[in-house]
Amino acid sequence: MSGTATTGTATTRRATPLSYAVIVALAILSLGPILVMIATSLKTKPDIFSGSFSLIFMPTLENYRAVLGDSQNARYLTNSLIVATVSTGLTLVFGCMAAYAIVRFRFLGRDVVSGGTLLMRMVPPAVLTVPVFMIWTYELGLSNSLPGVILVYTAINLPFVIWILQSFIAQVPPALEEAARIDGANDFQVFFLVVLPMIKPGLAAAAIFTFRIAWNEFILALVLTNRFTRTMPVKVSLFINEHNIEWGQIMAIGTLIAVPPLVFTFLASRQIITGMTAGAVKG
Amino acid sequence: MPSRQGLNRATPYLFLAPAAAVALVGLVYPMLRSVWLSFHEWSIGTPPESARFVGLENYRWLLADDSFWISVGVTITFATAVVVLEVVLGVALALVLDRDLRGTSLFRTIFILPMMIAPIVVGLIWRFLYNEQFGPLSQALKALGLPGIPWLSSPDMALVSVIIADVWQWTPFIFILALAALQGLPASAIEAARIDGATRWQTTLYIKLPLIAPVIAVAALLRLIDAFKVLEVIYILTEGGPGLSTEILSLHIYKTAFVSQQLGRASALSNLLLLIVLVLTVLLVLARSLREGRAGKE
């Protein structure tokens, strides 16, 4: 009896040619538009505007040469890198400390902090544009500066990082921490030497999500930067609203912006999926 | 848990301090400022102290403004359409593909690529795809002898085009979560149904779907909250046009503030959007606790 049941389950779970056809079609749908961008970035102007779109052409790096040869673009790319890297670092350090406090300590105001974190995570960035612009410009003198952008990116990413790291910290066996305490470690040593090394996968997932949001962010950067402190997404938005759209160069910039997140995805897709699932299921 | 007093009592606050400081300056204070500003009239280029108190005037003006209600309509249509389409497609695909496929991890990696790309870049990609002269979609239609579609130039079609771009980017999110939930189901429940003579459809409809429904509800709410954050893709594709046909609320805030330079009104608008998101977040918390309650009973 159990034999037939097992066979039944095995049959229904077996992959059919149809399921492979569906999944391959989906992969093409997901990848297609991205490949169109990369292909267009490698095309000459006549190739782009010729009557038919084709994936067969003589590739050229001309568009990249034009984009990277422009010293402005080099500067904006550097700005993007600085802003994304520094804010990711700050968010991770501050975020994991806060998450540890929330998970491991009972203290006055803990529920407020924990609930506030969830609420803050949901705030649409557009809602922050006006007040942050006002405060940065007239009260803190941070507008048009990279530290100003870094500060607001750290703020918007913190709730997410705290939230995602909580589930990883909760999985660290408290006995390990107790053992370190008995050996004479203080709370900070316990955290940095015992807990942090145990949550490396969580930190990796959090780092990827944070970097991606900071690297991709647009609307706050648009409002808070000038022509010296602009980031790449802002640059490309200005570029596309010019009259003669240079599609080859635009797609080259688009590809440059897309490369870091794409590389991360291939390197750490498992952590990303863990992070996504944890994000939707816990908290 | 902390065994020693003294230092320990202060420890959680020390651990929280840096994050709290950043969140206070970068999130809490700006939101309070936004509430303050919504009761004032302030123009860019003058210090905030010179702002004039106008009471509820900004809110009154908003509620009487046609473009506000159009934007609310666009936002509701957009958010509903993307969440329904993404949930239906994502769950359907997960049910079809819940099998022992080879290469699953490679496929999953491919499916998350669109989500990882900058929204601004997604906007660029689709603006190129939708180009009516040389875009691949128009050319494909032409090759098939079909009439062209005014993807971004007709008001009705523009909203559909914007929705398609979002569905392309985010359906995989629901798909991956639904698939993970399906693969985590206890095999015993499904086997028991089979032994009782349930057909494939019955198992799906009465066993699998109800079991993964709580996860899907949470995922759908997360998508809904995210739909209210969407701005970049639409900014690049249509800038809210033609007319106001794709002017979602977050884009409307930006334009009211930095194009029309009505910052008080933009703040009032921001607070209303925040209120909507707040309500949705409370729903999310309820959905989660419901799910945990059920899990607890099992």
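Residue numbering restarts at 1 for every chain, and letters A, B, ... go by the order of the sequence lines.
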Next on the checklist: Are Phe111(B) and Ile273(A) packed together at the side-chain level, in the sense that at least one heavy-atom pair is separated by less than 4.5 angstrom?
Outcome noted: no
Checklist entry - Do any N or O atoms from the side chain of Tyr138(A) and from the backbone of Gly45(B) form a donor-acceptor pair under 3.5 angstrom? => result yes
Checklist entry - Hey, does Pro131(A) have a side-chain heavy atom less than 4.5 Å from the side chain of Leu37(B)? => result no
Checklist entry - What heavy-atom pair brings Ser250(B) and Ala126(A) nearest, and what distance separates the two atoms? => result CB-CB, 3.4 Å
Item to check | OH-CG distance between Tyr29(B) and Leu140(A), expressed to the nearest 0.5 angstrom | outcome: 7.5 Å
Item to check | Plane angle bin for Phe15(B) and Phe188(A) - parallel if under 30°, tilted between 30 and 60°, otherwise perpendicular | outcome: parallel
Item to check | Partners passing side-chain hydrogen bond (donor to acceptor under 3.5 Å, both in side chains) against Tyr153(A) (at least two apart in sequence or in another chain) | outcome: Glu217(A)
Next on the checklist: Please find the pair of heavy atoms, one from Ala19(B) and one from Phe94(A), that lie closest to each other, and give the distance.
Outcome noted: CB-O, 3.8 Å
Checklist entry - Of the non-hydrogen atoms in Met134(A) and Pro48(B), which two are nearest, and what is the gap between them? => result CG-CG, 3.8 Å
Checklist entry - Is the backbone N or O of Pro33(A) less than 3.5 Å from a side-chain atom of Trp126(B), with the two atoms forming a donor-acceptor pair by type? => result no
Checklist entry - When rounded to the nearest 0.5 angstrom, what is the spacing between CG in Leu26(A) and CD1 in Ile110(B)? => result 10.5 Å
Checklist entry - Just by modelled atom types, is the Met116(B) backbone N or O under 3.5 Å from a matching donor or acceptor in the Asn216(A) side chain? => result yes
Item to check | Side chain to side chain, Ile257(A) and Leu124(B), heavy atoms closer than 4.5 Å | outcome: no
Next on the checklist: Parallel, tilted or perpendicular, judged at 30° and 60°: which one describes the rings of Tyr13(B) and Phe107(A)?
Outcome noted: perpendicular
Checklist entry - Considering only heavy atoms from C-beta outward, does the side chain of Arg121(A) approach that of Leu222(B) to under 4.5 Å? => result yes
Checklist entry - Are Arg33(B) and Val132(A) side-chain neighbours, meaning at least one heavy-atom pair lies under 4.5 Å? => result no
Checklist entry - Side chains of Ile219(A) and Tyr235(B): does their closest heavy-atom pair fall under 4.5 Å? => result no
Next on the checklist: Any non-hydrogen side-chain atom of Ser237(A) less than 4.5 Å from a side-chain atom of Ile236(B)?
Outcome noted: yes
Next on the checklist: Can you confirm whether Leu284(B) sits close enough to Met122(A) that some side-chain heavy atom of one is under 4.5 Å from a side-chain heavy atom of the other?
Outcome noted: yes
Checklist entry - What part of Ser38(B) lies closer than 4.5 angstrom to a heavy atom of chain A: side chain, backbone, both or neither? => result neither
Checklist outcome for this item: Residues passing the salt bridge (charged side-chain N to carboxylate O under 4.0 Å, His left out) test with Arg212(A), sequence neighbours excluded, are none
Next on the checklist: Give me the atom names and distance for the closest heavy-atom approach of Ala155(A) to Leu27(B).
Outcome noted: O-CD1, 3.3 Å
